[in-house]
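The block underneath contains the structure these notes are about, expressed in structure tokens.
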There are 2 protein chains.
Amino acid sequence: MRDTRAMASTPADVKELPSAYEFVLDIPGLKYDDIKVQIEDENLLVITGERRRDDEKDKEDGKYNRIERWMGKFMRKFTLPDNANLDFITVVCRDGVLTVALEKLPLPEQKKPKTIEVKIA
Amino acid sequence: MRDTRAMASTPADVKELPSAYEFVLDIPGLKYDDIKVQIEDENLLVITGERRRDDEKDKEDGKYNRIERWMGKFMRKFTLPDNANLDFITVVCRDGVLTVALEKLPLPEQKKPKTIEVKIA
């Protein structure tokens with residue numbers, strides 16, 4: 001699962017469960033509507049969003065004595081495993097944490113190894 | 001406003017408004033109950049909390065392919081300005097962002113400079 005970073009980034013965990021893959025991102029201050037989750041090229045999960053200081057109106061009155069929280073656009077890309085089911089994606093955004101889950105496709109039934117009878121001449 | 005870091009940290013902005021000081025911290029995944037806001041030594045704002053992966057139950061079944069999100073206890077300390085009113089503190093926790101605001105005390109009335117009449121002899 002290769003991850004290509006561009007623009008600003010935000011930390012992510014990637015978890016594999018028996019039945020699904022989970023991508024968990026910290027997005028403090030963002031809501032569901034601020035986030036875009038897309039599949040590109042059949043196997044690339046792309047998560048983008050933008051974080052703005054919600055105090056444009058305060059700019060005239062207030063001043064920052066310290067700024068550490070990152071703002072701006074961010075993007076994270078994850079190459080999905082072959083067995084990720086692109087038809088079953090759930091997106092949950094809660095308390096500044098985004099969780100994108102993709103169900104796993106059932107594995108193709110494995111062919112049983114063929115037993116070749118060996119006759120001893 | 002000196003800031004003493006200990007344990008893990010989390011980014012913070014400090015903003016001065018005409019009537020208040022605002023301390024804004026990223027705390028993705030945490031709720032109001034996970035955070036403790038205290039005043040120590042009359043002028044030290046201490047914000048502590050602990051972030052845990054909420055999947056203790058998954059540990060047996062799931063495995064992490066990538067871990068970037070920080071977990072554990074954190075603490076941030078801020079020395080408050082003299083005119084911060086410790087009796088008017090508001091704490092708001094929303095979408096993984098904590099905002100602690102302290103009203104400013106009114107400035108003591110400034111004495112007008114005394115005009116000394118100078119008589120020319």
Side-chain angles (χ1 to χ4, degrees), chain A residues 1-3 5 8-35 45 49 51-55 57-71 76 78-81 84 92-99 101 104, chain B residues 1-3 5 9-35 45 49 51-55 57-71 76-81 84 92-99 101 104:
Chain A
M1 271 183 269
R2 192 173 52 84
D3 163 29
R5 296 194 191 191
S9 189
T10 187
D13 292 345
V14 180
K15 195 161 71 173
E16 184 175 349
L17 297 167
S19 62
Y21 296 100
E22 267 188 13
F23 301 82
V24 186
L25 277 73
D26 283 345
I27 49 157
L30 293 187
K31 294 182 178 65
Y32 193 84
D33 290 344
D34 302 317
I35 301 290
L45 173 66
R51 205 177 167 207
R52 295 184 200 90
R53 287 186 203 283
D54 56 3
D55 55 4
K57 65 184 190 313
D58 290 341
K59 258 180 187 164
E60 295 158 55
D61 304 312
K63 63 170 181 164
Y64 281 94
N65 293 325
R66 176 194 302 272
I67 294 188
E68 293 171 0
R69 298 163 64 233
W70 64 267
M71 293 288 146
R76 290 297 301 256
F78 304 92
T79 302
L80 294 167
V92 176
C93 188
R94 193 168 49 204
D95 297 327
V97 176
L98 178 80
T99 303
K104 282 182 182 174
Chain B
M1 271 183 268
R2 194 172 50 85
D3 163 29
R5 296 194 191 191
S9 189
T10 187
D13 293 345
V14 180
K15 195 160 71 174
E16 184 174 349
L17 298 167
S19 62
Y21 295 100
E22 267 189 13
F23 301 83
V24 186
L25 277 73
D26 283 345
I27 49 157
L30 293 186
K31 293 182 180 65
Y32 193 84
D33 291 344
D34 302 318
I35 302 289
L45 173 66
R51 205 177 167 207
R52 297 185 199 88
R53 287 186 204 284
D54 56 3
D55 55 3
K57 65 185 191 310
D58 291 340
K59 257 181 188 163
E60 295 157 56
D61 304 312
K63 63 169 180 164
Y64 281 93
N65 293 325
R66 175 195 302 271
I67 294 188
E68 294 172 0
R69 297 164 64 232
W70 64 267
M71 293 287 147
R76 290 297 302 255
K77 293 185 181 187
F78 305 91
T79 302
L80 293 167
V92 176
C93 187
R94 192 167 50 202
D95 298 327
V97 176
L98 179 80
T99 304
K104 282 183 181 173

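Per chain, numbering begins at 1; letters A, B, ... match sequence-line order.
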Do you know which of B:L30, B:I27, B:T10 makes side chain to side chain contact (heavy atoms under 4.5 Å, CB included) with B:L98?
B:I27

With a 4.5 Å cut-off on heavy-atom pairs, point out which of B:G96, B:A12, B:P18, B:G29 contacts chain A the most.
B:A12

Tell me, out of A:I67, A:V97, A:D26, who's got the most heavy-atom pairs with chain B below 4.5 Å.
A:D26

Applying side-chain contact (heavy atoms from CB on, under 4.5 Å) to A:D95 and not counting sequence neighbours gives B:K31

Do A:Y21 and A:L80 come close enough that some side-chain heavy atom pair is under 4.5 Å?
no

Given B:P28, B:A20, B:S19, the one with more heavy-atom pairs under 4.5 angstrom with chain A than any other is B:P28

So A:R76 and A:F23, side chain to side chain contact (heavy atoms under 4.5 Å, CB included) or not? Walk me through it.
CA-CA 10 Å; A:R76 290 297 301 256; A:F23 301 82; over 6 Å; no

